[in-house]
Each structure stands twice: as structure tokens, then as C-alpha cells.
Amino acid sequence: MFDAKTTCVVVVGAQWGDEGKGKLVDVLAERADLVVRYQGGANAGHTVVIGDKQFVLRQIPSGILHQRVTCIIGNGVVLEPENLFAELDSLHERGIDTTGRLYVSDRAHLVLPYHKLLDAASEKSQKLGTTGRGIGPAYEDKYGRRGIRVVDLRRVECARALLGERVQRANQLLDLMGSAERADLELHVAMLERLAPRLLPMATDAGLLVHRALQEKRKVLLEGAQGALLDVDHGTYPYVTSSNTTAGGAAVGSGIGPTGIHGVLGVVKAYTTRVGNGPLPTEAESPHGERLRELGGEFGAVTGRPRRCGWFDATVVRYATRVNGLTGLAVTKLDVLDSFAEIPIGIMYRLDGEACEEMPAEAEALGRVKPVYEVHPGWRQPTGGARKLADLPAPARAYLDRLETLSGVPVRYVSVGTRRDQIIEV
């Protein structure tokens, strides 16, 4: 994706998340100078496998595993500080030196314990399938102009005053929601007083760092979390996350203008998965759904929750192509389909008996659509050893060609396993 004219690339999920963005960022980061995580929080885990070691990164950008790469947590992220330092400590214990390579936007908002209490209480009534990590309430505070940012920690008394107001409000809301839980102000203050000395040296004007890197023609990767169909504006509302997961959020969440972005790589699985509630039109019936889950190891990297599994949905990916302005596609987990005799592709829908080639805006309508399938022959051969397109069986290449045609965007990468080296660059 990088060349003389393309120095800033966004990596986004083009389904419902869990597409394998972490691996693609890790692979592309070998050629990058900066990797910037631009939205989401500790609810999203990106998994990278190097040799026999597996790393699950929740907030730290996936480029951190390359020693020459500088990583930035942008202003669009809601930061859980305790989780951040647990991640850092785990990396150090495993021999990854992050010293001087990780920065945090001083404009990033903090996820605090009272956000988690509010999240848990809200989920009991709404049942949206959230991770319970406090992400939604933190974004609510951000857009309600009552959030606490990293920069606020530079003035301890100011932070204490803000916390007093926020904890009091949180307890009032918990009472209204019928929760017996209560947030403790002194515990919040003690936590921030303990973490601030470690967090503040990492805090900086992240947007300025990215801007200067682009001016110097350095290569920048903007790493998104979740997927396009979980975008708060463009996803399957209300079964969405609380941030803009699409490429438009990359500029806002990293602190640069949209003209600084030169390419958008959409990551999709060779099939489809989703975590939690909400419509999934091509969800596979038993036993195929269970087989996809078992072969693909489809369990959440952060929560461990089993993912719902189904066939590739071309309507979803065409929609994601449009709302993200995708310039390339990365297809992951092709190897999971190696043993299937036949592989359906959902090419369009029928809604109340009528042809439907676009995504309905209402989740209720999307839940009623009937997918129209095109069945392709499987290849019944292992693909994990392929390192170039010609190594793949002819039916696998034909399957990829069809995904490319249906999505309307060229396939640039194909992943055939979890390891760093199991990648085909087209």
C-alpha cells in the first residue's frame, strides 16, 4: 500500500470487527514509521502472532512489535489507563522494549471505573451486547462535554474537582437505573494520583506529531478498531459501538486533515462474523456456523465470547467500500475454508420478496432480509503454506476473484494463517 505518493494509509474493518486488522497492521508496520490508533478503547483486541508467541493488544497500536516504529494513541481513543499499563508491563515482561516509542494524545478522554459501573447497569436493560468496559459511557461524557482528559491530570486539584462532580452524577444515574453499585470518589482520586506520574510523560500533542511526520514524508499507518458495520453513524444502529469506526474517523481521531490520507485498506474475513446482538443476514445454520467458529477460533480476544459465524456477505462489503472509500482489500482467514466442499457467497438480499442490493438503514429491516446465495466449489486443499497467489488452488483464486468483483475493490493482501509470515501480497 505504501509508495512514493501513498505515505498515509488507514486500516479499517469492513465487516463487524474481528477481521484481523492487527495482523495487517503488524505486516504493514514493517514499512511504516508511525502507527496511530485513532478510535475505540480497551473493548477491542488486536491479535498478532509472531512465531509461537501470541500478543493481544487492546489499546496499544499493533505496530509496537516493530522496534523501529513509533506508536501513538490518538485523541479519538477513550483511554483506560490501568489497562494501558497492564499491557505495557506485559510487553516488557515478554521482551518488547517500548521505551520512548509510545505516545498518548493529551486530548484523549479517560475511561474511569464509574464508566464501567454505568455500562454494566445500562446493559442490563438495553441488552446491546456491549463488552462492559465503560466505552459507551466514556464517549457519552466526551460528547456531553463532561469528560476528563489526559491533559486534566497536569493539574491535580482541577482533576479532583472534576472527579467529584462526575462521580456524584454517576451515582445519581446508578440510583435511577436501580443499581446497588456506587462509585467511590477517593478510590478514583487515588488511582489517578498513582497513574498520572507514569502517564503524563507519554502525553503530547499527538496530531502535531503525525502532521510533522507527514510533512517529512514519513510513512504513517492509522489503525482503526471494530468494523464499519459497528460505526455509530453508519453501522447497524443501535447495535453499534460509540465511535466512528469508518475511515472518516481516522482524520478526526488522529488529529490531521482528511487530505493527509492517501489510501484506505479494508480488512475482511473470507466469511463473516459478529459478536453480540444485532442482525447478521448470512449467519450460517448449524452445523456450518459451529464448524466455522471451531476452525477459525472465533472467540473474542478481549471477552472470550463466541462469535456468530456466517458466509461472506457482499452487500455488507460493498456498503463498507462506499462509506470508507476503500482503495484496497485484505482478505483474512482464507485457510479456514480449506475443508469445505461448497462455499456460499451472499450476493444480495430479498426484503419482503423484493430484490434488495443495498443495506437497509433499519436494523429491524436488515434482520428480516433473506440472503441470495451464489455457491462456489471449495478447494479441499490446505492453503497455509501459500506465499504467492499462484500457490493457491484454482478454486481458491476464483473465490478471491469473485470477492473482488462483488466488493468493487482490488484485493491487495490474502492471509492464510495466524502467523506473521502467512500472508500473500497480490
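In what follows, every heavy atom counts, from backbone to side chain, and hydrogens, waters and symmetry copies are set aside.
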Which atom pair, heavy atoms only, marks the closest approach of [X] to [Y]?
X      : Y      : result
Phe312 : Ala270 : CB-O, 3.7 Å
Ser105 : Ala206 : CB-CB, 3.6 Å
Leu84  : Ile73  : CD1-CD1, 3.8 Å
Thr327 : Met1   : OG1-CE, 3.7 Å
Leu221 : Ala29  : CD1-N, 3.7 Å
Met348 : Thr315 : CA-OG1, 3.4 Å

Do [X] side-chain atoms and [Y] backbone N/O form a donor-acceptor pair below 3.5 Å?
X      : Y      : result
Asp33  : Lys219 : yes
Thr246 : Ala228 : no
Thr6   : His262 : no
Asp335 : Thr383 : no
Lys142 : Ile148 : no
Gln422 : Arg419 : yes
Ser254 : Ala250 : yes
Asp152 : Arg149 : yes
Glu404 : Val411 : yes
Tyr319 : His234 : yes

When you check the gap from the basic side-chain N to the acidic O, do [X] and [Y] get nearer than 4.0 Å?
X      : Y      : value
Arg133 : Glu80  : yes
Lys5   : Asp3   : no
Asp391 : Lys388 : yes
Arg307 : Glu298 : yes
Arg107 : Asp205 : yes
Arg68  : Glu30  : no
Lys53  : Glu93  : no
Arg318 : Glu357 : no

Taking C-beta and beyond as the side chain, do [X] and [Y] meet within less than 4.5 Å on heavy atoms?
X      : Y      : answer
Tyr103 : Cys71  : no
Leu118 : Met177 : yes
Leu366 : Met359 : yes
Val9   : Leu222 : no
Val416 : Ile424 : yes
Leu389 : Arg397 : yes
Val375 : Ile343 : no
Leu112 : His188 : yes

Within the 3.5 Å criterion, strictly below it, is a donor on [X] or [Y] matched to an acceptor on the partner's side chain?
X      : Y      : result
Asp313 : Tyr271 : no
Thr99  : Asp97  : yes
Asn244 : Gln39  : no
Thr332 : Lys23  : no

Partners of [X] by side chain to side chain donor-acceptor pair (under 3.5 Å), sequence neighbours excluded?
X      : value
Arg368 : Asp352, Glu364
Glu82  : Arg194
Ser179 : none

Inset, instruction - Could you go through the salt bridge (Lys or Arg N to Asp or Glu O under 4.0 Å) check for Asp18 and Lys269 one step at a time? - result: CA-CA 8 Å; Asp18 309 306; Lys269 283 176 181 165; 5.4 Å; no

Inset, instruction - Would you sort out whether Phe340 and Trp379 count as a ring pair (Phe, Tyr, Trp, His ring centres under 6.0 Å), showing the intermediate values? - result: CA-CA 7 Å; Phe340 286 85; Trp379 41 94; 9.1 Å; no

Inset, instruction - Start with the C-alpha distance between Arg402 and Glu374, add both sets of side-chain angles, then the distance that settles salt bridge (Lys or Arg N to Asp or Glu O under 4.0 Å), and finish with yes or no. - result: CA-CA 10 Å; Arg402 189 59 177 148; Glu374 186 180 86; 2.7 Å; yes

Legend entry - Geometric cation-pi criterion Arg169 and Tyr114, 6.0 Å radius, 45° cone: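 No, Arg169 does not lie over the aromatic ring of Tyr114.
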
Legend entry - Cation-pi check, Arg94 onto Phe55 ring (under 6.0 Å, within 45° of axis):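 Yes, cation above the ring, under 6.0 Å and within 45°.
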
Inset, instruction - To the nearest 0.5 angstrom, please state how far the CD1 atom of Ile256 sits from the SG atom of Cys8. - result: 4.5 Å

Legend entry - Distance in Å, Leu24 CG paired with Tyr413 OH, rounded so as to fall on 0.5 Å steps: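 Nearest 0.5 Å value for the CG-OH distance: 7.5 Å.
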
Legend entry - Stepwise side chain to side chain contact (heavy atoms under 4.5 Å, CB included) test for Leu392 and Leu334: CA-CA 10 Å; Leu392 292 173; Leu334 184 70; 4.1 Å; yes

Inset, instruction - List in chain and number order the residues that pass ring pair (Phe, Tyr, Trp, His ring centres under 6.0 Å) with His288, two or more places apart in sequence or in another chain; answer none if no residue qualifies. - result: Trp311

Inset, instruction - For the pair Tyr239 and Leu229, evaluate side chain to side chain contact (heavy atoms under 4.5 Å, CB included) and give the outcome as yes or no after the intermediate values. - result: CA-CA 9 Å; Tyr239 304 100; Leu229 276 295; over 6 Å; no

Inset, instruction - Output every pair passing salt bridge (charged side-chain N to carboxylate O under 4.0 Å, His left out) with a member in residues 271-287, not counting sequence neighbours, ordered by first then second residue. - result: Glu283-Arg308

Legend entry - From CA spacing to verdict: side chain to side chain contact (heavy atoms under 4.5 Å, CB included), Thr204, Asp106: CA-CA 5 Å; Thr204 189; Asp106 53 14; 5.8 Å; no

Inset, instruction - Check each of His46, Arg37, Lys21 against Glu223 using the side-chain hydrogen bond (donor to acceptor under 3.5 Å, both in side chains) test, and report the only one that passes. - result: His46

Legend entry - Stepwise side chain to side chain contact (heavy atoms under 4.5 Å, CB included) test for Leu192 and Leu153: CA-CA 8 Å; Leu192 291 184; Leu153 302 185; 3.9 Å; yes

Inset, instruction - Sequence neighbours left out, what pairs pass ring pair (Phe, Tyr, Trp, His ring centres under 6.0 Å) with at least one residue falling in residues 204-228? - result: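 For residues 204-228: none.
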
